[in-house]
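Taking it in order: structure first as structure tokens, then the write-up.
Here the structure is a predicted model, which means the values were calculated and not measured.
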Amino acid sequence: MKVLIFQSKRLSYDSSWCFAKMLCRSLKRQGISVRFFLLSEDIAGQEEELRALTLDHFDGIFDINSRLPNVMLDDRYYLDYFDAPFFHMIVDHPMHLHYSLQIPLQNYYVLCLDRYHQNYIKTYYPHIKEVIFFPFAGISAGDFTPDIPLNIPVKDRQVDLLFPGTYTPLGYYREQMENISSDQWEMTEHILSEMKQGSTGTIDELYRQEILPDTDFFPLKLHKSRLIDRYIREWYREEILQALLEAGIHVHVMGFRWEMYDTKYSSRLVIHPPCSYVEQLCALTESKMILNVQPLFQDGPHDRVMNAIMNRSVSITDSCDYLAEHFREGEDLILYDKNNPQEAAQQISGLLKDVDRLEMIAANGYQKTVQMHTWDQRIHNFVRKNSHLFH
């Protein structure tokens, strides 16, 4: 079997490159021949190379948050030149990828992180032949930095609590939405209010309720309102951070724009410069606990969770169905209520004083993840269950 893996889009901190490399390695371990192709911004300059690829035979084609569905060659969708399934791995809510998901390719398949996303795609993009649930797996820093020490005891780690992620001021999102329409900001307030009261509806379900009965072209409408999703994600991040800093906890952050974070307690924020995804993985090995705020995924863990555990840190995260199903709260990881950040801050303060418990949780989580939640296991299961799709 032979597959072609594209990297057509660079995601934040070069995470897409790491995901593509993990995909390549795991497929090769399954005995599958892999060819990797980096798509540049100047697609026209690669036209001859792209044409040449169509003359070869591949049993499957992969890309992550792909630009490829929209690429045309001689008035035909480029991917339709291949007699092979295109597996589009998406690592965001489908609303953010509407313009690539809507393309009616002949052999279109999607791998997504969350079973609610899976249902959304099945509902609104019926031309996609199959939607496959493919949750994040853990990546060890050793996968990209072979000489790094991986077994540092929790008690010897220099960083108490790390949050790797980007910061964007809430005011930026609000200004952008108000420039689009006053309705969008009002909807954001209503949806956030529902979530604060404990609503278990997905972002798309809550948005749909806001626009009833005018639901024609719903996936396009949701895509154009995607800043609602961004705002609410950021709001929850700021709530938990504020509670932690108020409780006297020094939070280390690593990512873009944190110098813009300005609150009464921001002096307790320890800002590290932005760095690559590989360097972030290394930072996990030096941290006791890793904070995660789910990006409104209700049935799929963010990669921060899986990577933290794989690097023997304690993951501190709000929950989702998948985590509740596969991990034991207080034994393999720590779950907090995103609508009660002060309680979460007290919980974390207590954990910092109980290093033995942190050691136990880190060890349990690591053992479970290395046994059940690696990229090799994900790819093995994917190939075994979907071998009939390759041709």
Side-chain angles (χ1 to χ4, degrees), residues 10-22 91 136-168 233-234 237-238 240-241 244-245 249-261 266-295 301-318 332-334 336 344-345 348-349 351-352 355 358-359 361-366 369-370 373-375:
R10 288 184 64 180
L11 302 182
S12 298
Y13 312 106
D14 269 344
S15 58
S16 51
W17 179 83
C18 289
F19 300 152
K21 286 298 180 185
M22 295 301 290
V91 294
F136 269 125
I139 304 176
S140 168
D143 288 323
F144 293 98
T145 312
D147 298 331
I148 190 169
L150 297 174
N151 296 310
I152 302 172
V154 171
K155 65 182 175 59
D156 294 333
R157 298 186 176 203
Q158 299 304 304
V159 174
D160 286 341
L161 181 63
L162 173 68
F163 178 61
T166 299
Y167 175 68
T168 303
R233 289 188 194 189
E234 190 65 46
R237 283 186 177 193
E238 292 208 11
I240 184 65
L241 275 173
L244 291 167
L245 298 174
I249 298 168
H250 287 80
V251 182
H252 291 246
V253 291
M254 181 176 285
F256 294 114
R257 294 191 292 273
W258 282 105
E259 68 280 357
M260 300 176 71
Y261 184 83
S266 53
S267 62
R268 292 175 185 158
L269 200 70
V270 183
I271 300 175
H272 298 261
C275 63
S276 71
Y277 197 82
V278 169
E279 290 169 305
Q280 288 184 23
L281 290 171
C282 293
L284 303 182
T285 69
E286 300 169 353
S287 305
K288 294 181 175 74
M289 296 184 286
I290 308 299
L291 177 66
N292 177 59
V293 185
Q294 281 285 101
H302 192 276
D303 56 309
R304 265 187 301 268
V305 175
M306 307 310 296
N307 292 347
I309 300 173
M310 183 62 87
N311 287 285
R312 299 173 171 85
S313 298
V314 174
S315 178
I316 310 285
T317 181
D318 51 323
D332 304 319
L333 45 60
I334 296 294
Y336 67 83
I348 293 167
S349 291
L351 284 166
L352 284 171
V355 179
L358 289 178
E359 295 279 8
I361 295 170
N364 288 346
Y366 173 75
T369 301
V370 82
H373 302 284
T374 67
W375 273 82

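For the residue pair I348 and L244, the shortest heavy atom distance occurs at CD1-CD2, 3.5 Å. Nearest heavy atom pair, residue S16 against residue L11, reads OG-N, 3.0 Å. The two residues P274 and G255 have their closest heavy-atom pair at CG-O, 3.4 Å. Scanning both residues, A345 and I249, for their nearest heavy atoms gives O-CD1, 3.6 Å. When every heavy atom of P273 is checked against every heavy atom of M254, the shortest pair comes out as O-CG, 4.0 Å. Here the closest non-hydrogen pair linking R304 and V293 is NH2-O, 3.5 Å.
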Could you go through W17 and V278, starting from their C-alpha distance and side-chain angles, then the distance that decides it, and tell me whether this counts as side chain to side chain contact (heavy atoms under 4.5 Å, CB included)?
CA-CA 10 Å; W17 179 83; V278 169; 4.2 Å; yes
Would R257 and T166 satisfy side chain to side chain donor-acceptor pair (under 3.5 Å), going step by step from the backbone distance to the final call?
CA-CA 7 Å; R257 294 191 292 273; T166 299; 5.4 Å; no
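Within the 4.5 Å cutoff, no side-chain heavy atoms of L281 are placed close to those of M310. Residues I139 and F19 meet the side-chain proximity criterion, which asks for heavy atoms closer than 4.5 Å. In this structure, L269 and F163 have side chains that are not in contact, with every pair of non-hydrogen atoms separated by 4.5 Å or more. Taking 4.5 Å as the limit, some side-chain heavy atom of I334 sits within range of a side-chain heavy atom of L351. When side chains are defined from C-beta on, L241 counts as touching Y261, because their heavy atoms get closer than 4.5 Å. Between D160 and H250 the shortest side-chain heavy-atom distance does not fall below 4.5 Å. Side-chain contact between D332 and I309 is absent, with no heavy atoms from C-beta onward closer than 4.5 Å.
To the nearest 0.5 Å, atom CG of residue L161 and atom CD1 of residue I290 are 7.5 Å apart. Taking CD1 from I316 and CE from M289, the interatomic distance works out to 5.0 Å, rounded to the nearest 0.5 Å. Once rounded to the nearest 0.5 Å, the distance linking CG of L358 with CZ of R312 reads 16.0 Å. The line from CD of Q280 to NE2 of H272 is 11.5 Å long, rounded to the nearest 0.5 Å. In this structure, the separation between NZ on K288 and CD on Q158 is 7.0 Å, given to the nearest 0.5 Å. Between the CZ atom in R237 and the CG atom in L291 there is a gap of 9.0 Å [rounded to 0.5 Å].
Formation of a donor-acceptor pair under 3.5 Å by the N292 side chain with backbone atoms of P164 is not found in this model. Under a 3.5 Å cut-off, the side chain of W258 and the backbone N or O of G165 do form a donor-acceptor pair. N311 contributes a side-chain N or O that, together with a main-chain N or O of A141, makes up a donor-acceptor pair within less than 3.5 Å. Using modelled atom types, one side-chain atom of D143 and one backbone atom of S140 make a donor-acceptor pair closer than 3.5 Å. When atom types are taken as modelled, the side chain of E359 and the backbone of V154 share a donor-acceptor pair closer than 3.5 angstrom. A side-chain donor-acceptor contact under 3.5 Å links R157 to the backbone of I152. Within the 3.5 Å criterion, the main-chain N or O of L333 finds no donor-acceptor partner in the side chain of S315. Looking at T374, its side chain never comes within 3.5 Å of a backbone N or O of V370 through a donor-acceptor pair.
For F144 and Y277, the distance between ring centers is not under 6.0 angstrom.
Defined by atom type and a distance below 3.5 Å, a donor-acceptor pair is present between the side-chain atoms of E238 and Y167.
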